[in-house]
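First comes the structure, then the notes that go with it.
All residue numbers refer to positions in the sequence shown, counting from 1. Treat the numbers as computed from the prediction; the structure is a model and nothing was measured.
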Amino acid sequence: MKKISALILLLMLMCVPSWAALPDKDIIILYTNDVHCGVDENLGYAGFAYCRDEARKNTPYVTLVDAGDWAQGGTIGAISHGRYLLEIMNEVGYDIAIPGNHEFDYGWSQFENFAKNLKCGFISCNIRDLRTGRLIFKPYKILEYGDVKVAFVGVTTPESIIKSAPSNFQNDKGEFIYGFDGEDAGKKLIASIQKAVDDARAEGADYVIVVGHLGEYEDIVVQEWATPYIAPRTSGIDVFIDGHSHEVTPCLVFKNADGKDVIITQTGTKLTHVGKLTINTKGEVKTELLSGFDGRDEKTAKFVAEIKAKYEDTLKTHLTYTSFDLVAMDASKDWLVRTRETNLSDLVTDAFLASARDTKTKTADIALVNGGGMRNNIAAGEITIKNALDVLPFGNTVCICEIPGQSIIDELELGVRLMPDRSGGFIHVSGLTYTVDTRIPSPVILDENQMLKEISGDRRVSDVKVNGEPIDPDKKYKVVSISFLLYMKGDGHVFKGTKVVEPDYITADSALSRYLRNFDFLPEKYREPQGRITIIK
């Protein structure tokens, strides 16, 4: 590509599958993953479209692929429930797409809208209707480039059940009606992938590319669902175009089950890089990541700008000022809110608790929020509606539930089970305090869907107090939080004995915005964390 500098590769693989036909011109596959609403950040979709146009100057065989998680992660997604992202992807002209776990965040009905209205549709070999045993989508798609056939096999992480809301995949009785073949310690997932690969080969595919939202080992709950575990246990795959763990991976090489080389590649997140896979006229397969170029497709840039213009004036609405930063992550982008209390988490939980005043209930005892629900910092200066949406971008709704004290204690235990490692299910609090002793091994036992099954053994969580008094395991407390956490079983939390008393009365970002409007300047008490969660290391 002219004027495009490729990221220097630590490792480059040129591999010729023995069964492959040779294309008469290079086949170029450009790929993205985990865009997370970064429509004009870094290279942006206009930069991706520029790569598309540059590639088309040299070969007619250009394919655009996305490996999931585009609908959520920023204001443009939250304000449209992902619809604006769908429109942009259609404008750019993707040929292959798979669902990431965050494509389910706006509910199953909206996910079905994505599947129906995305021009290229979805493929996936492991999203299954458990009532019939059938796949929801076609497991693969074969594209022809002259005489050469390339199969794209889709696969979505079984982590989607807890990374989104489990209730999205359940019926009204709480029974799972959709699944991801995550059972049997990864064996079923591997079998589903292998079947799709074998079927594609039998249909005449010369090359097989798995487009997966699986991830490398970092932050993956079940290692057997990660691509580095799957790649050596499958055969017939040339490349895994991956996503989910936000790795910048130009070319990671494993030996497959037959001892042949298979490539894993991933582009990071928010379009910091564009992936380029080349199958040249010798049949050699190469992957690389492109960055550091200034080219943009003006048509795409204009399309994105017109969408943003629809809502940007509203986002500038003033709420208050702060003389200090409010943090969800540190300067290295490490998610602090997934391991500890921060001043931002104190602010958000206080805002949730205050929102109860505007309900029939009028009051609540405590407020909770999961660490994974807070997605941005707020810098010192003016705070606007955009800041509130950036912090809480999911469009979650706030509710009030009556929950037994023992259930609250149990879910605090689940939230700290991975400490000192990060967990999106780590629970922040208002009106409640607790202590965590990370020297004690976690006693939490999960079921096959990574949801709380039972707690057996010495507990890490102790000294739980509600408004300064020891929590009563038998008492029912009024708890404010997002429905995702309290009764949609998000992050695997199962609050037993929950009774909804105020259902979904305000969105999370609106609750935060309303609370912030109470202050000309944010109070000094939010300058530092307030000591609600004590951690013994």
Under-4.0 Å salt bridge between [X] and [Y]:
X      : Y      : value
Asp181 : Arg128 : yes
Arg338 : Asp491 : no
Arg422 : Asp334 : yes
Arg514 : Asp358 : yes
Lys476 : Glu402 : no
Arg439 : Asp458 : no

What is the ring orientation for Phe122 with Phe111, classed by angle as parallel under 30°, tilted 30 to 60°, or perpendicular over 60°?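 Parallel.
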
Kindly assign one of parallel, tilted or perpendicular to the pair Phe114 and Tyr106, based on the angle between their ring planes and the thresholds 30° and 60°. perpendicular

Would you mind reporting whether [Y] and [X] have side-chain heavy atoms less than 4.5 Å apart?
X      : Y      : result
Arg459 : Ile409 : yes
His493 : Leu486 : no
Leu326 : Leu347 : yes
Leu392 : Asn376 : no
Val464 : Thr433 : no
Thr349 : Leu432 : no

Give a yes-or-no answer on whether the side chains of Thr227 and Asp242 include a donor-acceptor pair shorter than 3.5 Å.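 Per modelled atom types, Thr227 and Asp242 side chains form a pair under 3.5 Å.
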
Quick one: does Ser407's side chain have a donor or acceptor within less than 3.5 Å of a partner on Lys496's backbone?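 Yes, the answer is positive, given that a donor and an acceptor are paired below the 3.5 Å cut-off.
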
With a cut-off of 6.0 Å (strictly less than), are more than 12 heavy atoms of other residues, nucleotides or ligands near [atom1] of [X]?
X      : atom1 : result
Lys478 : NZ    : no
Lys310 : NZ    : yes
Lys141 : NZ    : yes

If we check side chain to side chain donor-acceptor pair (under 3.5 Å) with Glu159, which of these qualifies: Gln450, His213, His244?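 The residue from Gln450, His213, His244 that satisfies side chain to side chain donor-acceptor pair (under 3.5 Å) with Glu159 turns out to be His244.
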
All heavy atoms of Ile445 vs all of Ser456, minimum pair found to be CD1-CB, 3.9 Å

Which heavy atom in Phe176 sits nearest to a heavy atom in Asn449, and how many Å separate them?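 Taking every non-hydrogen atom into account, CE1-ND2, 3.6 Å.
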
If you apply the rule salt bridge (Lys or Arg N to Asp or Glu O under 4.0 Å), what do you find for Asp350 with Arg532, and how did you get there? CA-CA 12 Å; Asp350 284 356; Arg532 302 173 185 181; 3.0 Å; yes

Under 6.0 Å between ring centres, would you say that holds for Trp225 and Phe180? no

Distance from Asn126 atom CG to Ser192 atom OG, nearest 0.5 Å?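 Between Asn126 CG and Ser192 OG, I get 6.5 Å after rounding to 0.5 Å.
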
Step by step, work out the ring-ring contact (aromatic ring centres under 6.0 Å, His included) result for Phe169 and Phe104. CA-CA 9 Å; Phe169 313 104; Phe104 300 100; 5.1 Å; yes

For Ser80, the side chain to side chain contact (heavy atoms under 4.5 Å, CB included) test, sequence neighbours excluded, returns Arg83, Tyr84

Matching residue for Leu446 among Met451, Glu454, Arg417 - test: side chain to side chain contact (heavy atoms under 4.5 Å, CB included): Arg417

Tyr31 pairs by side chain to side chain contact (heavy atoms under 4.5 Å, CB included) with which of Val239, Thr265, Asp66, Leu64?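 When Val239, Thr265, Asp66, Leu64 are each tested with Tyr31, the side chain to side chain contact (heavy atoms under 4.5 Å, CB included) holds only for Thr265.
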
Can the positive tip of Arg131 be found less than 6.0 Å from the middle of the six-membered ring of Tyr178, inside 45° of the ring normal? yes

